[in-house]
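Down below is the structure, laid out as structure tokens.
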Amino acid sequence: MAMKTTQKISDSNQFDVIVIGSGIGGLTVAAILSKLNHKKVLILEQHFIVGGFTQEFKRKGFRWDIGVQAVTEMAKGDIGRVVFDYITEGKLQWEKLPNLSDKLVYPDFTFEIYSNPQRNISDLIRMFPEEKASIKRYFSDLQKVTIWYKIHLIADFLPKWLQRLIKLCVGRLGKLARLTTKEYVERNFRNPYLKALLTSQWGAYGLPPSQISFGIHAVAMTSYGKGSWYPVGGSQAIVDCILPTIKKAGGMVLTQRHVTEIIVKNGVAKGVKAKKTHNAKAEVEAYYASVVISDAGAFKTYTELLPEGYATAYRNQITAFPKGYSMLFLFLGLKESPEKLGFGTQNYWIFNTYNHDQALQEQLAAPDKIINSCMLSFPSLKNHTVGRSTAEIIIYADYNYFARWQGQPWRKRDPDYYKLKEKLAQKIINFVENYYPGFKDLIEYYELATPLTVEYFVASDKGSTYGTASVPERFDQKWINAKTPIKNLYLTGTDALVHGIVGATIGGVMTAGIINGLFGFFKVMFAIIFPISNSKKEI
Ligand SMILES: Cc1cc2nc3c(=O)[nH]c(=O)nc-3n(C[C@H](O)[C@H](O)[C@H](O)COP(=O)(O)OP(=O)(O)OC[C@H]3O[C@@H](n4cnc5c(N)ncnc54)[C@H](O)[C@@H]3O)c2cc1C
């Protein structure tokens, strides 16, 4: 529904570029266009904190981040690192995390994962010697499919005839990438424990083995194998180091501005309308720019922000596309360092069964009765500036389970919502306590966030956490792209490319590339890699 506004175009609401949402994808494209093209960028963020999933929050002297456990591709010279060095002007430092990156904790064994594929291969072969050949083939397939994925992306920027030729050459790997991970492991392995082990980290991309494409599984696993880093100063440092780059070119961020509509005239994006989230009576504001970029995800952009009648085919396809899941986040403030119980910087994936798909469905249906798995991590062991010790537990959950309290104000929902939250928090704590006796005694403070909290703070569709679901069909959707059918409107972040800090960041680079015209991606990458040659580029 189009809303009326009376505001006229003036210097105060006219910008070169408007970015909807301040997630890492939005911040990246804003910083590149500010630095490379000297554009005055306005970022409109609906929340009162900047950063989307890269935001931090504080309670009672404890500090947690939300969507940053470990970031890959951050060695000097890696793609993620060169982009971050560019957009932060080298200000953001990264600390390499220990090689022991993950612990997979099952009822009758534990398996450690290292950022060292050779070691993981040997450990798996020692445990499952009868599957040696398949294990070796699996790791080789992960590499090949990751290369396919990169070629598949770059091909988009090449002439059509070359695209067709390239796709023909790597077609076999494309077929492998379009299997689900469950299909891949069912075809290649016999031992159910091994099948479970290899798919244990499904929580890191948000879909269980029967739904996630083997392609995205491969990209994730391959990047973890190269090591993980953590931003020095925590996720807040990411935001703090990028914003000056945007401000230097005259840009700014306005928080508590919920964009309600993209203004389109004659098929061309001209600006946006936004509501102040902290003042229901305030007039709708209008902001204008010759480029509008959305970091709000494909679903919201096409189905809610674009006026009806535009991009109808995309809108219909997105509405029918499978949805991702949401989560419960249990944020814990600890009395003492978790090292006391032997915990470290790694992620702990804890399971009470080996069938991830079935376990998830049971948990989604009744989380207050059944918890089958969780991911436990300790932000304070990675962020030395955080002060007091913290832990964070993540559990997959169904938005619909909480839908009856939808629309009620944050912190003022019905008492039975808070009763349920308390029950869930206790259930989750007891689940971990079962595996790590003494854990409960470490806890001084806890707070549970539900899918409604996620929806409130990052405005994602039904509190989903990883953007458009990475099912195999995602590879073939034209709307998973920085380009849109509306002139001067672009997508960025996760849905311009793929989930993850680096995925959404490169999504930002892709958007800046397309805005920079023919071979723009290569121009932008050149400027990022060789910043010295960085003169103003007209767009
Ligand atoms: C629990 C969890 C753990 C994770 N851990 C890791 C990890 O360890 N490593 C890693 O690489 N990745 C991790 N990720 C993934 C990563 O955090 C995300 O993929 C990435 O941050 C997404 O960035 P984005 O820019 O696409 O979008 P988002 O961060 O979702 O930002 C979108 C922004 O747009 C705003 N917005 C939406 N609609 C509107 C509107 N209408 N008007 C104004 N503003 C709007 C939102 O408020 C939000 O700020 C994790 C994610 C989760 C959920």
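Throughout, residue positions are numbered sequentially from 1 according to the sequence presented. Atom set for the values below is all heavy atoms of this structure, side chains included, hydrogens, waters and symmetry mates excluded. Numbering of ligands and ligand atoms starts at 1, following listing order.
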- [ ] Taking T492 for its side chain and G26 for its backbone only, find out whether a donor-acceptor pair lies under 3.5 Å.
- [x] no

Task: Minimum non-hydrogen distance to atom 14 (N) of ligand 1, winning option of A496, G67, G26 - done: G67

TODO: Pick, from F48, Y224, F329, F53, the option with the minimum heavy-atom distance to atom 21 (O) of ligand 1.
DONE: F53

Open item on the list: Less than 6.0 angstrom from the centroid, inside 45 degrees of the normal: does K270 satisfy that with respect to the ring of Y288?
Closed with: no

Under a heavy-atom criterion of less than 4.0 Å, does [X] contact ligand 1?
X: L44; value: yes
X: R257; value: yes
X: M327; value: yes

Task: Non-neighbouring partners of D461 that pass salt bridge (charged side-chain N to carboxylate O under 4.0 Å, His left out), sequence neighbours left out - done: K323

Open item on the list: Taking the basic N atoms (NZ, or NE/NH1/NH2) and the acidic carboxylate oxygens, is any pair closer than 4.0 Å for E308 and R315?
Closed with: no

Quick check: does [X] get an N/O under 3.5 Å from an N/O on ligand 1?
X: L305; answer: no
X: G51; answer: no
X: V259; answer: yes
X: D295; answer: yes
X: V502; answer: no
X: T494; answer: yes

Looking at [atom], what's its closest protein heavy atom, distance included?
atom: atom 46 (C) of ligand 1; answer: V458 O, 3.2 Å
atom: atom 44 (N) of ligand 1; answer: Q46 N, 3.2 Å
atom: atom 9 (N) of ligand 1; answer: A70 O, 2.7 Å

- [ ] Only counting residues at least two apart or in another chain, list the ones meeting ring pair (Phe, Tyr, Trp, His ring centres under 6.0 Å) with Y310.
- [x] none

Open item on the list: Against F331, only a single residue in Y446, F62, F57, F378 fulfils ring pair (Phe, Tyr, Trp, His ring centres under 6.0 Å); can you say which?
Closed with: F57

Open item on the list: With a heavy-atom distance limit of 4.0 Å, tell me whether V71 approaches ligand 1 through its side chain, its backbone, both, or neither.
Closed with: neither

Open item on the list: Suppose we call two aromatic rings close when their centres sit under 6.0 Å apart. Are W64 and F329 close by that rule?
Closed with: no

Open item on the list: Below 30° counts as parallel, above 60° as perpendicular, anything between as tilted: where do the rings of W202 and Y396 land?
Closed with: tilted

